[in-house]
2 protein chains.
Amino acid sequence: MATMNDVAKAAGVSTSTVSYVLSGKRTISPETKSQVLAAIDKLGYSPHAGARALASNRSNVLGLVVPLREDVNVSVVMQFVAAVVTTARNFQQDVLLLTQDDLGGIERVTSQSVVDGLVMMDIVARDPRIPLLAKMNKPAVLIGVPDDAHGLSCIDFDFAAASRISVRHLVDLGHRRIALIGSPQASLERHATYADRVRSGFEEASRTAGVEFSSRACEANPTALAEALRELVTGPQGATGLVVHNEALMPLMRDTLAEMQLRIPEDVSVVAIAPTDVAVSSTVPWTAVSIPAHDIGRTAVEMVMERMHEQRAAEVRLVVPALVQRSTTVAAPGSSKSGPVH
Amino acid sequence: MATMNDVAKAAGVSTSTVSYVLSGKRTISPETKSQVLAAIDKLGYSPHAGARALASNRSNVLGLVVPLREDVNVSVVMQFVAAVVTTARNFQQDVLLLTQDDLGGIERVTSQSVVDGLVMMDIVARDPRIPLLAKMNKPAVLIGVPDDAHGLSCIDFDFAAASRISVRHLVDLGHRRIALIGSPQASLERHATYADRVRSGFEEASRTAGVEFSSRACEANPTALAEALRELVTGPQGATGLVVHNEALMPLMRDTLAEMQLRIPEDVSVVAIAPTDVAVSSTVPWTAVSIPAHDIGRTAVEMVMERMHEQRAAEVRLVVPALVQRSTTVAAPGSSKSGPVH
DNA sequence: CTGTTAGCGCATTCAC
DNA sequence: GTGAATGCGCTAACAG
């Protein structure tokens, strides 16, 4: 409840001096500085965020728009959120949470200067929030790359490339019939950018390699997975290599295949496109392309902060994927290949 | 960028009039009111949150402290978060996110008046944040009941009662050897209040009923589950009835039991203590005590808001549990009971 | 290196 | 039913 004025009086200096020891925006002699700090300590002073926001025109709060849908993987969302909050703190910023569906919220917090900038997750191809966000005069970064970013900056994992290197890995191992088990139907239908890009990357790389391929969505439950596997692996497709991009399915994958009398990797090789922890937390770790959720979240905040002060051109950053071979991929049955060829 | 003054000029009235049409704190004639609203619309005016916070001493922001641990179930956390954000909006409040480990954050946002109140999740028995929070002069509500609430209000699901009715249900069905599969070890060790209470409720009710019982923690992976089941069910304990309080295990439960040649419910009856969606989203729905995460989150916000203006006594609210029998519990093998006896 | 001072945009108390 | 004036607590430009 003590104000800066109280501190100034107690320390026998002027208000601005107190302000400046706090902000460090001009040099203060060691003596006065220590007197001010002593007074601050003595009075238990802490600055009033609202007053500061009014005078400085900066709230030190970032908005984060998170999806709270059923079909997004919550653990990945949490990783993003954790990364964003942690990074924001490094920039002395707090994080205000907005939900996907609260369209008015974006406009409100931005026009009322509740936030200094925004990070928006789970972008879809033609996202109605983007033109809205672009109008508001605050720095914003999209996690995901929409069809038209309206001049906003984007950061994303290069899902298309992730898909392509997964395909190439399988092809190099001699697999000639491969399949993609993708996100739930709902993600595809709303054209979540990651889902679209994984699929197009998969199809493109498969065609280039000249292998037989097919792909399908899959819900996150054992029944749906079993059906997908029946269609793609034991069925007419007869795939021997699988790319799986569906975090929630990973814990079910091994058991479900086992029930169908299929062994990994002897009968079917599997590449996962999944967050690092999902890929390696299994008893037998997956050959996988890791989605570095933490890095992406951190970078998103850094990009917002970069644009906060200096005017800066919009950019699209894609995080380059890397495949790590673990125990779930081997040379195709009947193939002469004993390992990847480069 | 238009200010209230601009609006006042454009409407040919004074600033205070504009303020009052916005707040509704005094009666305004229809004519002036519509002129003001027209001016607001024309100028695209929106109030500056910082200025409002300074003048009114209210930020219209609630703080929410969420756990970002490994051992908490993220989907449940998300449900709470969604409920809190949604409810907060009904009270014209935004939500600022703080993480568990950011101890200084609680103090910062509260002493700087960044937030008007706080909701804190994942309380442990002797939570170091509680004395800290109690000192700050802002309304706060704990989700969970600690040993000493330091005068703060608490809301929680009555986990002890949930556990007791689960036990009684099994006992009524004739089960004489029962077991509890609980939260991961880490939750128990840090004395998360829900984990402690589920266990004590389980043991108390088992003793009262005079049945054999045992309980143990279980990590959220198939191997750990298999080991727990070997110990509790097929091992010397020979439990025929199981209470499971570990959301992340539920998707694995059926498969793991199947691998061990155990059928539900013929060989073992299972009661789940889990969020509603987890309990019913399975192919065969569980007999369960539902954790109403949404209700709890909503109530937490309501309690904070109640304490925002009027001084109000601290209280502890416990949400009463209810068990819904579905297909995973039947009379014990060899029991004469054909159903629950009341 | 330090002090003085004029706002930042809004809420609210008085006066009418 | 309306207006004028003051202050909320802080920042930053200006003056020294």
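Each chain gets a letter, A, B and so on, in the order the sequences are listed, and its residues count up from 1. The figures here come from the full heavy-atom set of this structure, side chains too, leaving out hydrogens, waters and symmetry mates.
- Residues that satisfy the ring-ring contact (aromatic ring centres under 6.0 Å, His included) test with A:F157, not counting sequence neighbours, are A:F159.
- Around atom CD of A:E107, no more than 12 heavy atoms belonging to other residues, nucleotides or ligands sit under 6.0 Å away.
- The shortest non-hydrogen separation linking A:G297 to A:A83 is CA-CB, 4.1 Å.
- Counted within 6.0 Å of CD on A:E310, heavy atoms from surrounding residues, nucleotides or ligands total more than 12; the atom is thus considered enclosed.
- For the contact set between residues 107-118 of chain B and DNA chain C, defined by any heavy atom under 4.0 Å, there are no members.
- Proximity of B:D148 to B:I130: side-chain heavy atoms (C-beta onward) are nowhere separated by under 4.5 Å.
- Side-chain N or O atoms of A:Q93 include one that pairs as donor or acceptor with a backbone N or O of A:V61 at under 3.5 Å.
- In this structure, the side chains of A:I296 and A:I155 come closer than 4.5 Å at one or more pairs of heavy atoms.
- The minimum heavy-atom distance linking B:A10 with B:L43 is given by the pair CB-CD1, 4.0 Å.
- At most 12 heavy atoms of other shown residues, nucleotides or ligands fall within 6.0 angstrom of atom CZ in A:R126.
- Side-chain contact check for A:L64 versus A:M121: some heavy-atom pair is nearer than 4.5 Å.
- Taking both residues in full, the closest heavy atoms of B:L68 and A:A82 are given as CD1-CB, 3.5 Å, listed atom of the first, atom of the second, then distance.
- Between B:R317 and B:D156 there is no salt bridge, since no side-chain N of the basic residue sits under 4.0 Å from a carboxylate O of the acidic one.
- Looking at B:T17 and B:S14, their side chains do bring a donor and an acceptor atom within 3.5 Å of each other.
- Overall bending of the helix from C:dC1-D:dG16 to C:dC16-D:dG1, expressed as the angle between end axes built from five pairs apiece, is 30° (10° steps).
- Salt bridge status for B:R129 with B:D122: absent, with no side-chain N to carboxylate O gap under 4.0 Å.
- Residues from residues 16-46 of chain B lying near DNA chain D, meaning a heavy-atom separation below 4.0 Å, are B:S16, B:T17, B:R26, B:T27, B:I28, B:S29, B:T32 in numerical order.
- Less than 4.0 Å separates DNA chain C from at least one heavy atom of each of the following residues of residues 1-11 of chain B: B:T3, B:M4.
- The CG-P distance, from B:N57 to D:dC8, rounds to 11 Å in whole Å.
- Rounded to whole Å, the distance from CG on A:L54 to P on D:dC8 is 13 Å.
- Between A:S153 and A:R307, the side chains place a donor N or O and an acceptor N or O closer than 3.5 Å (distance only, hydrogens not considered).
- Protein chain B contacts DNA chain C from C:dG9 to C:dC14, reading 5' to 3' and using non-hydrogen atoms of the protein with a distance under 4.0 Å.
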